[in-house]
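The block underneath contains the structure these notes are about, expressed in structure tokens.
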Amino acid sequence: MSEPTKKSMDEIMALCKRRGFVFQASEIYGGLNGFWDYGPLGAQLKKNLRDAWWADCVLNPPAAPGGGDVAMVGLDTCIIQHPKVWEASGHVAGFNDPMVDCRESKKRYRADHLWVRSATGLDGQVFLVCLAAGGAEEANDAWGAMKRRKDVPGPIWDLLVQASGTDRAYTDLSPEQRAAVLGPDASKPGSLTDPRPFNLMFPTIVGATGDWETNKAYLRPETAQGIFVNFKNVVDTSRVRVPFGIAQTGKAFRNEVTPRNFTFRSREFEQMEIEFFCRPEDAREWYVYWRDNRLAWWRSLGLASDNLRLREHDADELAHYAKEGAGTSDIEYRFPFTFPGFGELEGVSHRSDFDLRQHQQHSGVKMDYFDQERNERYIPHVIEPSAGLDRGVLALLCEAYTPDPERASKVYMKFHPRIAPIKAAVFPLVNKDGMPEVAERLRNDLRARFSMIEYDAKQSIGKRYARMDEAGCPFCFTIDGETLTDNSVTVRDRDTLSQERIALDAVVGYLADRLGSAR
RNA sequence: GCGGGUGUAGCUCAGUGGUAGAGCGUCACGUUGCCAACGUGAAAGUCGAGGGUUCGAGUCCCUUCACCCGCUCCA
């Protein structure tokens, strides 16, 4: 195993454009920040990844911890849900955090993390600010920590020592008072902006004559809630019993503060989410099951190098629904733009019974589940493996990108055959002498049986191999003069460049063996 | 949101005030007959967009958009 090296994101992006994997959205109008389109090869690659996920999570999930079957069903819910869904889920409150910028230090803070004490400086009253995420009690500790710091400049130190009074929220100050506030990382007062709201959800209007006041709705910021609000429907109609899971893929939308890093942080993106419902006592066991199986799944698609890792969250970074749960972890990939760091591909978290309980409370509909085997009633706990489909595609593109100065294309895409957009190519060595007829017949046979099959009779054979290298096609079958006499063809392997002769009528079997369940 | 950089053909880039260019790729024809071969030819550009200065702007100025990098943010 060679040392991981940093690939050039610029080169990967150039190839994505050149070969039709990814285009900038609305490109002819100058593009739109945070939006990307998939070209012909990218669309197929993304579909292959989505299909592999569905096949391995819904249709044929890994065996249960104690052996035996795991019950999984699929769902496809709306992008626009009732606005109350997002009040219940916490997104209306949580996605509207007011933020404060510091003009001097260029830092940005959540307004509700800023706590204020007053002091009297040379120019009159000054307000000091400290940073504390937990609330007023934690702010008290934060002041103590500030006083123990050795790098506080003298004038500020003088203010700090005499700062007094109870902690007040920054958001409670008047505009005049804010002008006298000394930011946590500033040297002079008045560098902080007013709190500005950040609406991470996309608002929209339902109804052709709707107005913003009465008909406001949101594009979903996650697919998960569509599953939770259908929990009862699935239980009542699908003959599933706890433990079981509901899976869904689909678009989600977030007004990211800073879309960045190619498709990694997009404002429109696709998720692949599972909500797995289980008894509270079994949450830890199922958490471990999904965490380990999801990691193994990404490995099985070719992200098998040191570029993939599992990271358990620390207690202090857990989301509101996951505190004190069975665990939360990220499956992370080392992207060129995060190198040597990692970026999140999938999060596996124990959401406890938070969501079902919230919806029960807000809707008034009972979400508890009667377990007939145990004769007990409870609201199930949830283990959520939530993967980013577009991030998965990006990781596959980055992992596959393999520079090779020795070959004509200088680079090839080493996709796992299962997710490679083009499964195989068929070439007549020469576009005459009966070869095209045989090649076209083979192409038709393969297309009837497998996914995307490329046919190319143009230009030299070397160029055609090189084109397939950049597209990441794993196998090329070439019909030559010998085929016409003995019905054999050559197979050219993308990764080894080796060729072998096999019988024409063995090609279908050859491909089927190597593509496995993927077609 | 702040700072830095970039933006010219599908891709990589040259072009410092005076006719829009090259290499590669793409396409056609010929030749070749297993790794971007060769020959001839062709298509392809709102020079990111808008405004200004100028006799004249790809080039200078202003504004704006997009992408990359560093902060920031990331339920």
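Sequence lines set the chain letters: A, B, ... in the order given, protein chains first and strands last, and positions in each chain run from 1.
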Starting at [atom1] of [X] and ending at [atom2] of [N], how long is that distance when rounded to a whole Å?
X	N	atom1	atom2	value
I461(A)	G33(B)	CD1	C1'	9 Å
R220(A)	A75(B)	CZ	C1'	16 Å
K432(A)	G33(B)	NZ	P	9 Å
F427(A)	C34(B)	CZ	C1'	11 Å
D456(A)	G33(B)	CG	C1'	15 Å
I12(A)	C69(B)	CD1	P	11 Å
M468(A)	G25(B)	CE	C1'	14 Å
F335(A)	C68(B)	CZ	P	14 Å

Side-chain donor-acceptor contact under 3.5 Å, S409(A) with Y465(A): no
W86(A) side chain to Q225(A) side chain, donor-acceptor N/O pair below 3.5 angstrom: no
Check: Y510(A) main-chain N/O paired with R514(A) side-chain donor or acceptor under 3.5 Å: yes
N255(A) backbone acceptor or donor facing R267(A) side chain under 3.5 Å: no
When the side chains of residues 28-43 of chain A are checked against the rest of the protein, which donor-acceptor pairs come out under 3.5 Å, sequence neighbours left out?
from: W36(A); atom 1: NE1; to: F262(A); atom 2: O; distance (Å): 3.1
from: Y38(A); atom 1: OH; to: D390(A); atom 2: OD1; distance (Å): 2.8

Looking only at atom [atom1], what distance separates [N] and [M], rounded to whole Å?
N	M	atom1	value
U72(B)	G1(B)	C1'	8 Å
U54(B)	C65(B)	C1'	26 Å
A43(B)	C27(B)	C1'	7 Å
G48(B)	A66(B)	C1'	7 Å
G56(B)	U19(B)	P	15 Å
U46(B)	A20(B)	P	14 Å
A37(B)	U26(B)	P	9 Å
A14(B)	G51(B)	P	28 Å

I'd like to know if [X] reaches the base of [N] with its side chain, counting only an N/O donor and acceptor under 3.5 Å.
X	N	answer
S460(A)	G33(B)	no
R492(A)	C35(B)	yes
T490(A)	C34(B)	yes
E256(A)	C74(B)	no
D10(A)	C68(B)	no

How is [X] classified with respect to the nucleic acid when contacts are heavy atoms under 4.0 Å: base, sugar-phosphate, or nothing?
X	result
Y29(A)	nothing
E470(A)	base
G347(A)	nothing
D469(A)	nothing
L15(A)	nothing
W86(A)	nothing
R19(A)	base

Quick one: is [X] getting a side-chain N or O under 4.0 Å of the [N] phosphate, OP1 or OP2?
X	N	result
N33(A)	C67(B)	yes
Q459(A)	U26(B)	yes
N431(A)	G33(B)	no
K458(A)	U26(B)	no

Tell which nucleotide pairs with [N], taking only Watson-Crick or G-U wobble pairs whose two distances are both under 3.5 angstrom.
N	answer
G70(B)	C2(B)
A14(B)	none
U54(B)	none
G41(B)	C27(B)
U46(B)	none

K251(A) with E270(A): basic N within carboxylate O range, under 4.0 Å: no
SB check E470(A) R18(A) (cutoff 4.0 Å): yes
Among C69(B), G25(B), C67(B), the nucleotide that comes nearest once only the side chain of M13(A) is considered: C67(B)
Selected nucleotide, minimal atom distance to K463(A) side chain, candidates C34(B), U26(B), C69(B): U26(B)
Residue mapping more 5' on RNA chain B - nearest nucleotide basis, K17(A) or R260(A): K17(A)
Earlier contact from the 5' end, RNA chain B, for Q24(A) and R265(A): Q24(A)
Nearest-0.5 Å distance, CG of residue L75(A) to CZ of residue F231(A): 12.5 Å
Charged tip of R407(A) within 45° of Y412(A) ring normal and under 6.0 Å: yes
